[in-house]
*Asks:* 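Questions regarding the structure given below will be posed in turn.
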Amino acid sequence: MTSSMSKVLKTVFTDIETLAQDCRFKDCQHQSEPGCAVRAATDAGSLTPERLADFNKLAIEADYSQLSAREIEQAKVKRLMGSLKTRPTKQN
């Protein structure tokens, strides 16, 4: 993430940045990690899921801003494959 984009995210989403300081892991993505303070705030209703989604979208865009087109496609595939691993499987 570019430093200017990182500063913007920290400025606009100070509530999420503050909550993230209490996450168990410093590299928490606020998705499904155990001990995520941001997800706990969403579950408790003190942070709206829409606000977290907006934060995540902008963070992804910031990450992509320094990549080539090929690297962006690779990152998208990696992100998609990671989300498929967390889906529950059907059981008969």
*Asks:* With a 4.5 Å limit on heavy-atom distance, are the side chains of Arg39 and Asp43 in contact?
*Replies:*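 Sidechains of Asp43 and Arg39: in contact.
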*Asks:* Give a yes or no answer on whether the side chain of Thr42 reaches the backbone of Val38 with a donor-acceptor pair at less than 3.5 Å.
*Replies:*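 Between the backbone of Val38 and the side chain of Thr42 there is a qualifying donor-acceptor contact (under 3.5 Å).
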*Asks:* Find out whether Phe55 and Val12 are in side-chain contact, i.e. whether some heavy atom of one side chain is under 4.5 Å from a heavy atom of the other.
*Replies:*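 Result no, sub-4.5 Å side-chain heavy-atom pair not found.
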*Asks:* Name each donor-acceptor pair under 3.5 Å that joins a side chain in residues 16-31 to protein atoms two or more places apart or in another chain, with its distance.
*Replies:*
residue : atom : partner : partner atom : Å
Thr18   : OG1  : Thr14   : O            : 2.8
Gln29   : NE2  : Asp27   : O            : 3.1
Gln31   : NE2  : Gln29   : O            : 3.3

*Asks:* Between Glu73 and Arg70, is there a donor-acceptor pair closer than 3.5 Å when you use the side chain of the first and the backbone of the second?
*Replies:*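 No: the side chain of Glu73 does not pair with the backbone of Arg70.
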*Asks:* Strictly by side-chain hydrogen bond (donor to acceptor under 3.5 Å, both in side chains), give each pair with a member in residues 50-60 just once, sequence neighbours left out.
*Replies:*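 Sorted pair list: Asp15-Arg51.
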